[in-house]
There are 2 protein chains.
Amino acid sequence: MATLQTLDRGLKALRQIAVSADGLRVNDIADFLSVDRAIAYRLVATLEANGMVQKAPDGRIVLGAAIMDFEGRFAGHVRAVAQPCLQRLAALTGATAFLALAEQDECVAVSVAEPQDMLLRVSYRVGSRHPLNLGAAGIAILAGRPFAAGEDEQVTKARASGYCVTRGALQPGAVGVACPIPSQPQGRTQLDACVGVVAMQNLDVDNALPHVLQAAADLSAQLLR
Amino acid sequence: MATLQTLDRGLKALRQIAVSADGLRVNDIADFLSVDRAIAYRLVATLEANGMVQKAPDGRIVLGAAIMDFEGRFAGHVRAVAQPCLQRLAALTGATAFLALAEQDECVAVSVAEPQDMLLRVSYRVGSRHPLNLGAAGIAILAGRPFAAGEDEQVTKARASGYCVTRGALQPGAVGVACPIPSQPQGRTQLDACVGVVAMQNLDVDNALPHVLQAAADLSAQLLR
DNA sequence: TACTTTTTGTGCGATAATAGTAAATTGCCC
DNA sequence: GGGCAATTTACTATTATCGCACAAAAAGTA
């Protein structure tokens with residue numbers, strides 16, 4: 001598949017700028033791409049002309065206002081794609097199904113489906129957030145990332161088993177089951193997201209688990225090409 | 001300043017894909033850029049290789065998972081830059097100062113500063129959101145956008161005057177003053193954001209207004225270099 | 001001040017990357 | 001299978017890009 005060198009370099013630079021804590025200098029970009037500084041200057045100039053980056057007064061290059069056009073947009077897409085899958089998951093497990101994304105060091109519920117035929121159900125508000133290291137959802141997301149030194153033992157265990165079960169972590173009496181959305185075999189992108197269900201103590205974990213894993217696989221296929 | 005044609009086209013395509021409701025087809029991109037379809041295919045292939053876009057099963061091109069690297073990042077930057085300015089604004093007005101961004105059709109509080117020396121203060125939780133057409137913040141953001149047919153009269157008025165005052169819109173007894181963050185003279189990017197203050201009924205609007213306007217101008221200069 | 005170093009930016013010719021044509025392949029609907 | 005659209009490849013002229021070298025400004029140093 002034919003790719004374009006100049007665009008490829010520009011996108012790699014842009015992403016590197018995005019993930020850097022306080023922006024990059026032109027030299028950093030040139031080093032990162034292993035290209036001459038002149039090229040980096042022209043890449044930056046083009047990114048800047050499109051509003052994707054801007055220069056801080058001290059010369060650091062940081063994200064620009066045009067990034068706003070992307071804020072929330074992928075999450076919105078994820079929500080739309082995930083909804084039918086979550087509804088199926090909720091119906092199969094009789095529990096509240098959710099898809100959550102990592103945002104900085106928090107876990108955000110992006111999409112939720114509640115079972116139709118239950119008298120009592122746990123509701124998990126879309127947009128609600130909690131620390132990543134709390135609850136099945138956050139732990140599952142961490143487990144989807146590469147091993148990090150000093151990580152919680154629960155995370156290591158969840159990475160090995162592919163899922164995570166917590167009881168009463170966020171709410172007394174609530175049981176959560178979640179697993180990370182795996183990356184695709186040929187894909188290079190990792191989603192930093194998880195699917196799961198949450199219910200009262202009566203949740204049948206053994207029944208729910210395979211459905212959650214299946215949902216994760218389905219979503220992976222749909223969201224990661 | 002020298003810009004790179006290939007990168008420029010790729011970025012324009014990417015942004016167009018982002019703002020489209022349900023993705024674009026290759027033909028749309030070719031038309032939009034006024035280039036041959038073969039070029040559009042190569043641009044898309046490069047964007048796709050970088051995970052910025054992906055092809056839906058039906059051929060539509062939508063944003064890809066790599067966009068996650070940008071989600072929340074610009075908002076985070078905005079928050080950091082805005083904080084000192086908001087603290088000043090809170091001190092000058094004795095009211096709670098906030099910066100809010102539009103996200104889809106909601107208004108999200110991104111950064112908040114409360115006055116130090118007040119016994120009672122209104123708190124405006126970071127991350128809280130409400131419909132854009134409700135409250136001074138949302139109306140100010142709408143007023144920062146170009147005129148839209150059928151928009152609320154309040155918005156039109158706010159666009160003309162450059163600010164918006166609401167009483168009891170979100171909470172009975174609360175007064176809000178907000179104004180859009182203007183675009184820079186030479187800039188082409190619009191921020192879709194607003195600054196403002198919110199307080200109890202005792203807010204001295206005549207005193208606060210110039211400070212709010214000044215804060216908006218300051219932030220515009222800092223965020224939209 | 002003068003001098004050095006770093007950072008930032010620009011001409012310009014050679015050349016490799018791209019554009020754009022046309023042709024081939026694939027997938028899909030009748 | 002045949003027709004049609006979507007997608008990909010092959011290929012060459014062209015031109016956009018590369019990357020050296022050079023310049024200007026800024027920041028540091030003595």
Side-chain angles (χ1 to χ4, degrees), chain A residues 1-17 20-64 184 186-188 221-222 224-225, chain B residues 1-17 20-64 184 186-188 221-222 224-225:
Chain A
M1 199 173 308
T3 59
L4 302 174
Q5 186 184 62
T6 308
L7 177 53
D8 193 67
R9 286 175 171 169
L11 294 174
K12 291 198 160 53
L14 180 59
R15 191 200 287 224
Q16 196 63 15
I17 291 163
S20 74
D22 317 293
L24 262 46
R25 279 172 291 123
V26 177
N27 267 324
D28 301 328
I29 295 170
D31 289 350
F32 173 69
L33 296 173
S34 308
V35 297
D36 192 90
R37 285 196 345 277
I39 299 174
Y41 273 106
R42 291 188 268 251
L43 291 170
V44 169
T46 310
L47 291 169
E48 192 180 17
N50 281 273
M52 308 294 285
V53 305
Q54 57 189 319
K55 290 202 188 134
D58 60 2
R60 290 183 355 262
I61 293 152
V62 298
L63 289 183
Q184 289 294 92
Q186 84 286 14
R188 337 107 286 266
Q222 286 179 72
L224 303 174
R225 187 175 15 133
Chain B
M1 201 168 305
T3 58
L4 303 174
Q5 183 185 65
T6 308
L7 177 55
D8 193 66
R9 286 174 171 171
L11 294 174
K12 291 198 160 53
L14 179 59
R15 191 201 288 226
Q16 197 64 14
I17 292 163
S20 74
D22 316 294
L24 261 47
R25 276 179 276 118
V26 177
N27 266 324
D28 301 329
I29 296 170
D31 289 350
F32 173 69
L33 296 173
S34 306
V35 297
D36 193 90
R37 286 206 321 286
I39 299 174
Y41 275 108
R42 291 189 273 251
L43 292 171
V44 169
T46 310
L47 291 169
E48 192 180 17
N50 281 273
M52 308 294 286
V53 305
Q54 56 190 319
K55 289 202 189 134
D58 60 1
R60 291 183 354 261
I61 293 152
V62 298
L63 289 182
Q184 289 295 93
Q186 84 287 10
R188 49 275 98 212
Q222 286 177 71
L224 304 173
R225 178 147 337 278

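In what follows, chains are A, B, ... by sequence order, proteins preceding strands, each numbered from 1. Not measured: the values here are computed from a predicted model.
- Look at B/T6 and you'll find a side-chain N or O under 4.0 angstrom from OP1 or OP2 of D/dT17.
- With rounding to the nearest 0.5 Å, the separation of CG in A/L43 from CZ in A/R9 is 7.5 Å.
- Protein atom CD1 of B/I39 is 14 Å distant from nucleotide atom C1' of C/dA22, rounded to whole Å.
- Annotation: proximity of residues 27-38 of chain A to DNA chain C (heavy atom, distance under 4.0 Å) is found for A/R37, A/A38, numbered in ascending order.
- A side-chain donor-acceptor contact under 3.5 Å links A/D36 to the backbone of A/A38.
- From A/L14, atom CG reaches atom OG1 of A/T46 across 12.0 Å, with rounding to the nearest 0.5 Å.
- The phosphate of D/dT8 (OP1 or OP2) has a side-chain N or O of B/K55 nearer than 4.0 angstrom.
- Closest approach to the A/Q5 side chain among C/dT7, D/dC18, D/dA16 is made by D/dC18 (side chain taken as heavy atoms from C-beta onward).
- Between the side chain of B/D28 and the main chain of B/R25, a donor-acceptor pair closer than 3.5 Å is present.
- Note on B/R9: every side-chain N or O is 4.0 Å or more away from OP1 and OP2 of C/dT18.
- Here D/dA16 presents its C1' atom at 17 Å from CG of A/D8, a figure rounded to the nearest Å.
- A/I29 and A/A13 make their closest contact through CG2-CB, 3.8 Å (heavy atoms, listed as atom of the first residue, atom of the second, distance).
- The side chain of A/Y41 has C/dT8 as its nearest neighbour among D/dC18, D/dT8, C/dT8.
- With rounding to the nearest 0.5 angstrom, the CG atom of B/D8 is 9.5 Å from the CG atom of A/L47.
- In plain terms, the two heavy atoms of A/L7 and B/L11 that are nearest each other are CD1-N, 4.5 Å.
- Within the nucleic acid shown, B/R42 comes within 4.0 Å of at least one base atom, counting heavy atoms only.
- Taking atom CG of residue B/L4 and atom C1' of nucleotide C/dA16, one finds them 15 Å apart after rounding to whole Å.
- With values rounded to the nearest 0.5 angstrom, A/R37 atom CZ is found 5.5 Å from A/N27 atom CG.
- Here B/R42 pairs with nothing under the salt bridge (Lys or Arg N to Asp or Glu O under 4.0 Å) rule; sequence neighbours left out.
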Shorter than 3.5 Å, N or O on both sides, protein versus nucleotides 26-28 of chain C: list them out with atom names.
none

